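Just below is one structure, and these are the notes that go with it.
Lettering of chains follows the sequences in order, A, B, ..., and the numbering in each one begins at 1. Given the structure is predicted, the values throughout are model-derived calculations rather than measurements.
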2 protein chains.
Amino acid sequence: MTQTATRETALKEAEAACLRRGATLTPLRRQVLELVLDADAPVGAYALLDRLKATRPGAAPPTVYRALDFLLEQGLIHKLERLNAYIGCTDAGHGHAHDHHHPHQFLICRTCGATTEITDHGVAHAIEAAARRAGFALAEATVEIEGTCARCLA
Amino acid sequence: MTQTATRETALKEAEAACLRRGATLTPLRRQVLELVLDADAPVGAYALLDRLKATRPGAAPPTVYRALDFLLEQGLIHKLERLNAYIGCTDAGHGHAHDHHHPHQFLICRTCGATTEITDHGVAHAIEAAARRAGFALAEATVEIEGTCARCLA
DNA sequence: TGCACTCTGAGATATTATATCATCGAGCGA
DNA sequence: TCGCTCGATGATATAATATCTCAGAGTGCA
């Protein structure tokens with residue numbers, strides 16, 4: 001499966017997911033999503049803005065941030081807090097109708113910057129258990145694992 | 001044990017830890033650490049800067065950020081990535097001599113802002129296992145769990 | 001038509017963090 | 001003692017990230 005194919009698939013799924021939820025994936029939002037998906041590593045908001053300006057000269061920071069907020073709410077992208085950057089969700093649309101989010105974790109390579117989203121149920125369960133023991137009602141957990149990826153280790 | 005007592009204990013342990021490692025806890029660094037410990041929730045760098053200015057009128061952003069960098073390296077404080085804020089480490093000095101860091105997680109209450117550091121080995125092990133399965137050499141993991149704390153639920 | 005609502009444009013501003021160069025003093029060897 | 005290096009701090013400027021506010025355009029609908 002080529003990169004282009006996964007990109008198109010992701011866009012199709014994004015449209016379907018928005019449709020199901022009554023959310024509107026406008027051309028602008030769709031374009032920002034494409035820009036995020038096209039990047040091969042997490043992208044910063046201002047990098048997206050620069051690219052957006054190529055076709056939309058009037059674009060300003062709120063243009064990008066509003067689109068990013070929408071995409072985050074819909075679970076179509078994630079924010080990497082340690083990098084202040086954004087990345088496409090690898091299984092958007094797999095969330096519930098009411099909660100578009102799903103437990104996920106990131107592996108961030110310090111050497112090459114490659115960032116991989118995983119959904120590890122062991123981690124998710126351990127976090128749920130820890131929250132429960134503390135009498136804490138879990139809403140969402142950020143898990144960002146930094147280190148060196150398999151490719152860079154080889 | 002009163003808050004003041006834990007504060008003094010933490011400061012003593014910080015001094016001892018720096019001594020052991022050949023690091024210098026200068027008056028400025030110590031003062032910034034005190035400011036972080038005195039706050040009852042995570043504090044932003046510029047909030048610290050304002051407080052620092054009360055006794056050190058010439059203080060500027062680098063003044064604070066350099067101190068924070070030092071304290072982070074020594075494992076005396078942690079950064080909350082989701083909040084862009086800093087908090088005292090609850091068991092500084094328990095790290096190894098070579099690696100001042102220890103696995104830890106945060107529980108962040110969205111209602112009252114209270115943030116609790118925990119060291120849950122279940123979570124730590126699950127993360128190690130997930131990294132290993134991906135052939136990924138773990139360096140450090142950020143775990144920030146958002147939700148509602150026990151007090152706010154009651 | 002008139003109204004409510006959502007989305008976008010446009011400009012200003014707020015917040016968080018870093019780069020750069022100068023200065024100062026402690027330690028240390030010639 | 002002199003001069004050197006090095007770590008820490010002072011001081012100024014700037015970069016990078018994110019939000020606020022007001023206005024206008026389009027859409028759906030009573």
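Contact check on A:Asp38 versus A:Arg51 returns no salt bridge, with no Lys/Arg side-chain nitrogen under 4.0 Å from an Asp/Glu carboxylate oxygen.
A donor N or O paired with an acceptor N or O is not found under 3.5 Å between the base of D:dA15 and the side-chain atoms of A:Tyr46.
Checking the phosphate oxygens (OP1, OP2) of D:dA18, a side-chain nitrogen or oxygen of A:Tyr86 falls inside 4.0 Å. Within the 4.0 Å cut-off from OP1 or OP2 of D:dT17, not a single side-chain nitrogen or oxygen of A:Lys79 is found. One finds no side-chain N or O of A:Asn84 lying less than 4.0 angstrom from the OP1 or OP2 phosphate oxygen of D:dA16. Contact annotation: A:Tyr65 side-chain N/O to D:dA18 OP1/OP2 distance is under 4.0 Å.
Under a 3.5 Å cut-off, the side chain of A:Arg7 and the backbone N or O of A:Leu37 do not form any donor-acceptor pair. Side chain of B:Glu144 to backbone of B:Arg82: a donor-acceptor contact under 3.5 angstrom is found. At distances below 3.5 Å, not a single donor-acceptor pair connects side-chain atoms of A:Gln105 with backbone N or O atoms of A:Val123. Using a distance-only test at 3.5 Å, with no hydrogens or angles considered, no donor-acceptor pair links the side chain of A:Glu81 to the main chain of A:Thr142.
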Which atoms of nucleotides 24-30 of chain D (N or O only) lie under 3.5 Å from a protein N or O atom, and what are those distances?
none

Every protein N/O within reach of nucleotides 8-12 of chain C N/O, cut-off under 3.5 Å:
{"residue": "C:dT8", "atom": "OP1", "partner": "A:Thr26", "partner atom": "OG1", "Å": "2.6"}
{"residue": "C:dG9", "atom": "N7", "partner": "A:Arg66", "partner atom": "NH2", "Å": "2.8"}
{"residue": "C:dG9", "atom": "O6", "partner": "A:Arg66", "partner atom": "NH1", "Å": "3.3"}

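Rounded to whole Å, atom C1' of C:dT16 lies 12 Å from atom CD of B:Glu81. Taking atom CZ of residue A:Phe70 and atom C1' of nucleotide D:dA18, one finds them 20 Å apart after rounding to whole Å. The distance from atom CG of B:Asp50 to atom C1' of C:dT16 is 13 Å, rounded to the nearest whole Å. B:Leu49 has its CG atom 12 Å from the P atom of D:dG10, to the nearest Å. Rounding to whole angstrom units, CD of residue B:Gln74 and C1' of D:dA8 are separated by 14 Å. Rounded to whole angstrom, the span from the CZ atom of A:Arg82 across to the C1' atom of C:dA17 amounts to 15 Å. What separates CG of A:Leu68 from P of D:dT19 is a distance of 10 Å, to the nearest Å. Summarising the geometry, the separation between CG on A:Leu83 and P on C:dA17 is reported as 14 Å, rounded to the nearest angstrom.
A:Leu33 and A:Val43 fall within the same hydrophobic cluster, where Ile, Leu, Val, Met, Phe, Trp and Tyr residues are linked whenever their side-chain heavy atoms come under 4.5 Å apart, directly or through other members. Cluster annotation: A:Val143 is connected to B:Leu138 through the hydrophobic network of ILVMFWY side chains, with a link wherever side-chain heavy atoms come within less than 4.5 Å. B:Val36 and B:Leu52 fall within the same hydrophobic cluster, defined by Ile, Leu, Val, Met, Phe, Trp and Tyr side-chain heavy atoms under 4.5 Å apart, directly or through other members.
Note: A:His78 and A:His102 have perpendicular aromatic rings, judged against thresholds of 30 and 60 degrees for the angle between ring planes.
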